[in-house]
Amino acid sequence: MSDDKDGRLERLSGMLKRRGFLLPAFEIHGGAKGLYDFGPVGGRMRSRINQVWLDHWLKLGNIVEISSPTVTPYAVLEASGHVGEFSDFMTQCLACEEASRADTLLESHHPNPDALKQSELQELLLDVKPACPACAAHDWSKVTAQNLMFNTTIGAGDSGRPGFLRPETAQGMFTSFNALYRHFRERLPFGAVQIGKGYRNEIAPRQGMIRLREFNMAELEYFINPHIPPQADLTSWDHQPMMLIPDSSSPVSLTLADATEQGLIRHPTIAQFIGITFDFLAHIGIDTTRVRFRQHESDELAHYALDCWDAEIEGSYGWIECVGIAHRGCYDLESHENATGKTLRARREFDEPRITTVDAWTINGATAGPAFKAQAGLVKQAVEALPKETTFPCMVTLNDGAMVEVGNEHVKPNQKTIKETGEWYTPHVVEPAFGIDRIIWHVLDHAYQEVNKNDEIYTRMALSDTVAPVDFAVFPLFEKDGMEVQAWDLHQQLCQTRGIVSMYDGSGSIGRRYARADEIGVPKCITVDHQTLEDGTVTLRDRDTTEQVRVSLDSILQSS
RNA sequence: GCGAGCGUAGUGUAGUGGUUAUCACCGAGCGUUGCCAACGCUUGAACCCGGGUUCGAGUCCCGGCGCUCGCACCA
């Protein structure tokens, strides 16, 4: 897939390492596959992209930011389905140390061992004691979950309990649902975002930043009421057709409103989030002509998803999935509710109260209780199901099949009016999940420009101002005659301005310093020269045009 | 995980089993220079790790780690 005939990708990777954007982690110890450092330049860029991402979603007005632990108890990820979907259960032969998959060993003893939980596999394994395929012994170690999630133990020794490093941030939002619900005064829709690390013990990390074992992710869980007809304002994208690849049909260029109207996008909130994702990518400098949205085929959908669209970005590795926007239905909240017995629901009020009137029979506890003893509950159920015309005494069939005679003294008329003003329901969730590292890669890839200058390759990172790691580079024309003092002073003042990063560089020729700044994408270079000492003006150079204007020091400090 | 190729300063590289490991860019210092990778001098920096063969290993052999590619895997 990677196409690097002219060596551009190699030169880009080399530059990113040399200039401190991205470096293989722990390199002095031999390195570690799938783990990267953001260096002195890349670290700043990453935090800027995170901030822009946050701002984009907070604009919706009903979004909060939370942060939950990466260390996650076993039970949480079992409830979410990740233990089943993400792990293989391993056991080790105590005689020869050969590791085997527990479910494979038990294949002839269970119709579908793959679907068993860890405890069930453990039990069955102890029960069956299958022979080791390697040495035919029958002693097996405890069953452990292994594979795509990083195992860990929470706590020490015997009191430790199993856990994982999270494979996604989403579960933290689901387990916090009740706190979020109260925070938003019990009104949907609302959402929670989280930016943080996720972990997957990939079998074979590849392609640099594309498949990592520890990665930065940014996710929104947006909770909506499925009983309200979905709507979203898509008009801001009416003049911006998107490249869409719907499930099992060919690519089309359509506005989000049209695609939703035609039913290609199955939910308007998904369409809205596709739009916001597009805007975000554009804002951080992704070339939007190289962005497309692809709908998952039905057999490709994750175990929880009803509909899913990926944002794919084209770069040096081809088209890469960088964002997934999934309609998860009520899957997650229900799963955690089932696992814990805690209620994870929202209340909706009916337009009109629903009034049910009952006019029939019920039991008279004072007499039926002593008469039917343990059966009294079943008798009550049966009697309440009888029509009003019933006359007593009569024979009544209970739910357990028994027949009892119920007398007049055991019953009394049951007349009541039940008024229900609303009901509890499980909200649905729409989740945009961003792979920040993959996005950063493509920002760098799209910004990297090689231009011919005096028959040499001149490198410039045309980074958007919003994500550039350094805002200003300040140079004294020469480090003498007081120019170095003025320049250093300006640099200091810029650094003390909120949100501004400045870099001082006084070594080498002025041209060399411009080149160094261009290579890491500094948008503006400021040069202090002799004239500065006389009239307080400096030259301000634009990275992309290389044009210079002479402006006063004060105007720079005021505008920044 | 399997197979193939590769691993030398920050980057890119040269290197018949035998010097003080080559070259360029790069970084730092000094000087020169009135604004786009300029010049001069000085200087910094490397054989992935561990075993083995050998009088002697960057070079040959084995193992590990890492990188690239293919196959497998990939909510």
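Not measured: the values here are computed from a predicted model. In what follows, chains carry the letters A, B, and so on, assigned in the order in which the sequence lines appear, proteins first and then strands, with residues in each chain numbered from 1.
Counting non-hydrogen atoms of neighbouring residues, nucleotides and ligands closer than 6.0 angstrom, the NZ atom of A:Lys342 reaches no more than 12 such neighbours.
When the P atom is used for both B:A9 and B:G58, the distance is 15 Å, rounded to whole Å. Rounded to whole Å, the P atom of B:A21 lies 15 Å from the corresponding atom of B:C48. Atom P of B:C2 sits at a distance of 12 Å from the matching atom of B:G63, rounded to the whole Å. Rounded to whole Å, the separation between the C1' atoms of B:A38 and B:C25 comes to 15 Å. Nucleotides B:G51 and B:G18 place their P atoms 23 Å apart, quoted to the nearest Å. Taking atom P on both nucleotides, B:C6 is separated from B:C61 by 11 Å, rounded to a whole Å. Between B:G5 and B:A45, the two P atoms lie 36 Å apart (nearest whole Å). When the C1' atom is compared between B:G10 and B:C71, the two are found 36 Å apart, to the nearest whole Å.
One cannot find a donor-acceptor pair under 3.5 Å joining the base of B:C36 and the side-chain atoms of A:Thr546. Taking only distance into account, the side chain of A:Arg513 never meets the base of B:C35 through a donor-acceptor pair shorter than 3.5 Å.
The residue A:Phe478 sits close to a base: some heavy atom pair falls under 4.0 Å. Contacts of A:Arg516 with the nucleic acid, taken as non-hydrogen atoms under 4.0 Å apart, involve only primed sugar atoms and P, OP1 or OP2. When heavy atoms are screened at a 4.0 angstrom cut-off, A:Ser13 is found touching no nucleic acid atom at all. Counting any heavy atom pair closer than 4.0 Å across all strands shown, A:His29 reaches no nucleic acid atom. Heavy atoms of A:Glu27 sit nowhere under 4.0 angstrom from any nucleic acid atom.
When distances are taken from the side chain of A:Leu477 to each of B:C36, B:G34, B:A37, the shortest belongs to B:G34. Comparing B:U33, B:C35, B:A37 by their closest approach to the side chain of A:Thr459 singles out B:A37.
Across the protein-nucleic acid pair, A:Ile510 atom CD1 and B:A38 atom C1' stand 13 Å apart, rounded to whole Å. Distance A:Leu23 CG to B:C48 P: 19 Å, rounded to the nearest Å. Between the P atom of B:U11 and the CD atom of A:Glu519 lies a distance of 13 Å, rounded to the nearest Å. Going from atom CZ of A:Phe26 over to atom P of B:C67 covers 13 Å, rounded to whole Å. Taking atom CZ on A:Arg512 and atom C1' on B:C25, their separation rounds to 9 Å, with Å as the unit. Taking atom CD1 on A:Ile28 and atom P on B:C47, their separation rounds to 13 Å, with Å as the unit. Here B:A24 presents its C1' atom at 12 Å from CD of A:Glu456, a figure rounded to the nearest Å. Summarising the geometry, the separation between CG on A:Leu22 and C1' on B:G10 is reported as 16 Å, rounded to the nearest angstrom.
Donor-acceptor pairing under 3.5 Å is lacking for the side chains of A:Arg550 and A:Thr532. Side-chain atoms of A:Ser47 and A:Asn50 form no donor-acceptor pair, as typed in the model, at a separation below 3.5 Å. Residues A:Thr537 and A:Asp535 have side chains that bring a donor and an acceptor to within less than 3.5 angstrom of each other.
Between A:Arg19 and B:U11, a side-chain N or O to OP1/OP2 separation shorter than 4.0 Å is absent. For the pair A:Arg18 and B:G27, the criterion of a side-chain N or O lying under 4.0 Å from OP1 or OP2 is not met. Between A:Lys33 and B:C65, a side-chain N or O to OP1/OP2 separation shorter than 4.0 Å is absent. OP1 or OP2 of B:U11 has not a single side-chain nitrogen or oxygen of A:Arg11 nearer than 4.0 Å. Between A:Ser507 and B:A28 there is a side-chain N or O to OP1 or OP2 distance below 4.0 Å. At least one side-chain nitrogen or oxygen of A:Ser509 sits closer than 4.0 Å to the OP1 or OP2 atom of B:A38.
B:C71: Watson-Crick or G-U partner is B:G1, with both key distances under 3.5 Å. Applying the Watson-Crick and G-U wobble criteria (two distances, each under 3.5 Å), B:C41 pairs with B:G29. Pairing for B:G18 is with B:C55, a Watson-Crick or G-U wobble pair whose two hydrogen-bonding atom distances lie under 3.5 Å.
Electrostatic pairing of A:Arg266 and A:Asp247 counts as a salt bridge here, judged by a charged N lying under 4.0 Å from a carboxylate O. With salt bridges taken as basic N to acidic carboxylate O contacts below 4.0 Å, one links A:Glu519 and A:Arg18.
Nearer the 5' end of RNA chain B, as judged by each residue's closest nucleotide, is the contact made by A:Val538, out of A:Gly208 and A:Val538. Both A:Pro167 and A:Tyr458 lie close to RNA chain B; mapped to their nearest nucleotides by heavy-atom distance, the more 5′-ward contact belongs to A:Tyr458.
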Walk me through it: do A:Gln194 and A:Ser68 pass the test side-chain hydrogen bond (donor to acceptor under 3.5 Å, both in side chains)? CA-CA 8 Å; A:Gln194 180 166 189; A:Ser68 47; 2.9 Å; yes
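A donor-acceptor pair under 3.5 Å is absent between the side-chain atoms of A:Asp518 and the main chain of A:Ile520, judged by distance alone.
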